[in-house]
Every structure is written in C-alpha cells, then in structure tokens.
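The figures that follow rest on heavy atoms only: side chains count, while hydrogens, waters and symmetry mates do not.
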Amino acid sequence: MELLFGQFLPENIRNLLSENIWLTALFDVLVVFLISFISWFAAKKFVNTFVKFAVERSKNSWDDVFYRNKVFTKLANTVPAIVIYLFSPYLTGEHILLKKLLISYIVVVLLAVFRSVGNACLEIYETFEISKDKPLKGIVQVLNIIIYLLGIIVILAVLVDKSPAMLLSGLGAMTAILMLIFRDTILGFVAGIQIISNNSIRKGDWIVMNKYEADGEVIDIALHSVKVQNWDKTIVSIPTHKFLEESFTNWR
C-alpha cells in the first residue's frame with residue numbers, strides 16, 4: 001500500500017505502515033487533517049492581518065461593513081474543508097461519506113457567508129436616506145429564509161445522493177404543511193411589500209395603535225414585527241401583518 005506522505009518517513013516506519021492498511025489510512029487522514037488545520041490557521045491569519053490592514057487603509061467604507069459582519073472570516077472557514085476534499089482522492093479507501101460531509105460543511109459555511117453578506121448590504125442600504133421610506137429588512141430576512149431552505153435541500157440531496165430537483169418536487173405534497181409553518185413569515189412578507197409600496201409607515205414615524213398600547217416612534221420594521229418606542233421609553237412589538245388588518249394612526 002502506497003503512503004500519501006510516506007516518502008517523508010524513515011524506511012522502517014514506512015514499511016510498518018505499508019503492511020497494515022488501517023495504519024496507512026489513519027496516517028494519511030491525520031496528515032491531511034493537520035495540513036487542513038494549518039491552512040485554516042493561515043487563512044484566519046490572512047484575514048485578520050492582511051485583509052484587515054487593507055480594509056482599514058481603504059477610503060471606501062463599504063468594505064469595513066463587510067469586515068465587521070465577518071464575511072471574510074466566515075469565508076476562511078471553507079479552506080480546511082476544501083483542502084481535505086482535494087486530498088481525499090489520495091487517501092486509502094473510497095471515503096464517499098467523508099466527501100459528502102465535506103460538501104455539506106462547505107454549504108453550511110456558505111449559507112452563513114450569504115447571511116453576513118445580506119446583513120452587510122442591508123447595513124449599507126440603511127445609510128441612504130431612501131431606506132427610511134423603503135425599508136428592506138423584511139425582504140432581506142425572507143431572502144435569508146429562502147437561501148437557507150435551498151441550502152438544506154442541497155445538503156439533503158448530497159447526503160442521500162439524490163437530485164435537488166427530485167427533493168424540490170416532493171415539496172409540492174407538503175405545501176399545506178409549509179403554509180402552516182411559515183404562515184407568519186408569508187403574512188409578514190406580504191405586509192412588508194404593502195408597507196413599502198404604500199409608504200404607510202417608516203422609521204421615525206409617530207404612530208398610535210390603541211389595541212397594542214402603542215403610542216410613539218417606529219424604531220424598526222422587520223419581517224415579523226414592527227417595533228414602536230413609546231414616549232415613556234417602553235418598546236412594543238406589533239406583528240407586521242397587523243398593520244394591514246388593524247386601524248392605526250400615523251401622525252406623519
């Protein structure tokens with residue numbers, strides 16, 4: 001049995017490992033995981049040193065937002081999995097399960113990266129004046145949910161070795177259940193679209209909604225709730241879709 005890194009070992013140890021397939025596999029796996037750890041450490045060091053230096057020296061403030069939301073840090077977490085995946089064909093045995101787990105791990109990390117990118121873009125958008133009239137936080141949250149659902153489908157498809165399209169087709173039979181589970185999300189998304197298109201409420205508005213004891217300033221408009229800070233500094237969270245169902249007063 002040929003060792004992946006056997007040429008770096010003394011001849012007597014190399015011969016001992018070559019006679020035992022389990023020792024050979026264990027040795028190769030340990031070496032690959034060590035290399036992946038070193039690559040992960042190097043990637044983290046690169047982000048925390050060179051990327052941070054470039055971001056701090058840049059005149060553009062947008063890259064600071066992406067760095068603050070840990071986009072580059074989370075992206076560096078894919079490096080060890082990529083290294084192991086590239087070396088996996090040279091390891092003893094098929095390691096099919098290992099490859100599936102590595103792909104699943106990379107998808108999970110990419111989902112976290114996409115969420116951080118979405119939060120960074122939202123933070124940049126909220127620096128513009130138009131964000132007060134057209135809040136997009138609820139839409140970004142819906143996109144995050146969609147991306148996470150697609151990611152889960154991809155992971156399941158990889159683990160069970162099926163086509164993602166086949167799993168998606170199976171969701172048709174679960175439509176009623178999904179509608180029940182995501183009822184508030186769907187209602188909140190529709191309400192958010194209505195609020196943006198009609199410009200009925202926005203951050204900084206003084207609204208009164210007696211049913212929920214809300215009488216103050218709108219401080220946040222999200223997918224599931226709108227937060228109102230009353231004049232006595234208490235904060236009331238009102239379901240977003242209630243602004244389509246209930247009456248309220250907007251003093252703006």
Is T249 reaching over with its side chain to a backbone N or O of I207, donor-acceptor style, under 3.5 angstrom? no
Main-chain N/O of R252 paired to N250 side chain as donor or acceptor, under 3.5 Å: yes
Kindly give the heavy-atom pair with the smallest separation between L159 and S104, and that separation in Å. CD2-OG, 3.7 Å
W251 atom CH2, neighbour heavy-atom count above 12 within 6.0 Å: no
How about F66 and C121: do any of their side-chain heavy atoms sit closer than 4.5 Å? yes
Can you list every pair that meets ring-ring contact (aromatic ring centres under 6.0 Å, His included) and has a residue in residues 109-159, with sequence neighbours left out? none
Other residues, nucleotides and ligands only: do more than 12 of their heavy atoms fall within 6.0 Å of OH on Y85? no
Donor-acceptor pair between K44 and N77 side chains, under 3.5 angstrom: yes
Applying ring-ring contact (aromatic ring centres under 6.0 Å, His included), name anything that partners F248, two or more places apart in sequence or on another chain. F243
If you define the side chain from C-beta out and look only at heavy atoms, does anything of I106 sit under 4.5 Å from V108? no
Quick one: do I84 and L110 end up in the same hydrophobic cluster if we chain Ile, Leu, Val, Met, Phe, Trp and Tyr together by side-chain heavy atoms under 4.5 Å apart? yes
Quick one, V226 with D220, criterion side chain to side chain contact (heavy atoms under 4.5 Å, CB included). Give me CA distance, side-chain angles, the key distance, then yes/no. CA-CA 6 Å; V226 174; D220 186 44; over 6 Å; no
Step-by-step side chain to side chain contact (heavy atoms under 4.5 Å, CB included) determination, V208 to N210: CA-CA 6 Å; V208 178; N210 293 324; 3.4 Å; yes
Minimum side-chain heavy-atom gap K52-V47 below 4.5 Å: no
Quick one, Q141 and I145 - any side-chain contact, counting heavy atoms below 4.5 Å? no
Under the side chain to side chain contact (heavy atoms under 4.5 Å, CB included) rule, what do W206 and D215 come out as? Steps first, then yes or no, please. CA-CA 7 Å; W206 171 15; D215 183 4; 2.8 Å; yes
Got a donor-acceptor contact below 3.5 angstrom from the N48 side chain to the K45 backbone? no
Is there a path from V228 to L244 through hydrophobic residues (I, L, V, M, F, W, Y) whose side chains come within less than 4.5 Å of each other? no
E246: side-chain hydrogen bond (donor to acceptor under 3.5 Å, both in side chains) partners, not counting sequence neighbours: K211
Under 4.5 Å between any side-chain heavy atoms of L136 and I139, yes or no? yes
Near E217 CD, under 6.0 Å, is it more than 12 heavy atoms from other residues, nucleotides or ligands? yes
Can you check whether N69 reaches E123 side chain to side chain, under 4.5 Å on heavy atoms? yes
For S225 against S237, the heavy-atom pair lying closest together: CB-CB, 4.4 Å
What distance do S61 atom OG and I124 atom CD1 have between them, rounded to the nearest 0.5 Å? 7.0 Å
Hey, are the side chains of Y212 and K242 touching, using non-hydrogen atoms and a 4.5 Å cut-off? yes
Cluster overlap W62 with V55, hydrophobic side-chain contacts below 4.5 Å: yes
At their closest point, which heavy atom of V218 faces which heavy atom of I221, and how far apart are they? CG1-CG1, 3.8 Å
Shortest non-hydrogen contact from A214 toward I238: CB-CD1, 3.8 Å
Regarding T234 and D232, do their side chains bring together a donor and an acceptor under 3.5 Å, going by distance alone? yes
Hydrophobic cluster membership, F72 vs F41, 4.5 Å side-chain cutoff: no
Spell out, as yes or no, whether a donor-acceptor pair under 3.5 Å connects the side chain of T78 to the backbone of V109. no
Of all heavy-atom pairs between R115 and N144, which one has the smallest distance, and what is that distance? CA-OD1, 3.9 Å
Is it the case that S116 and K74 place a side-chain donor and acceptor less than 3.5 Å from each other? yes
Distance-minimising heavy-atom pair for W231 and G216: CE2-CA, 3.7 Å
Applying side chain to side chain contact (heavy atoms under 4.5 Å, CB included) between I152 and each of L156, I155, L150, report the one that passes. L156
Are V79 and F50 connected into the same hydrophobic cluster when the rule is that any two of I, L, V, M, F, W, Y join if their side-chain heavy atoms are below 4.5 Å apart? yes
Start with the C-alpha gap between N230 and E213, add the side-chain angles, then the distance that decides, and say whether side chain to side chain contact (heavy atoms under 4.5 Å, CB included) holds. CA-CA 9 Å; N230 293 330; E213 299 182 351; 5.6 Å; no
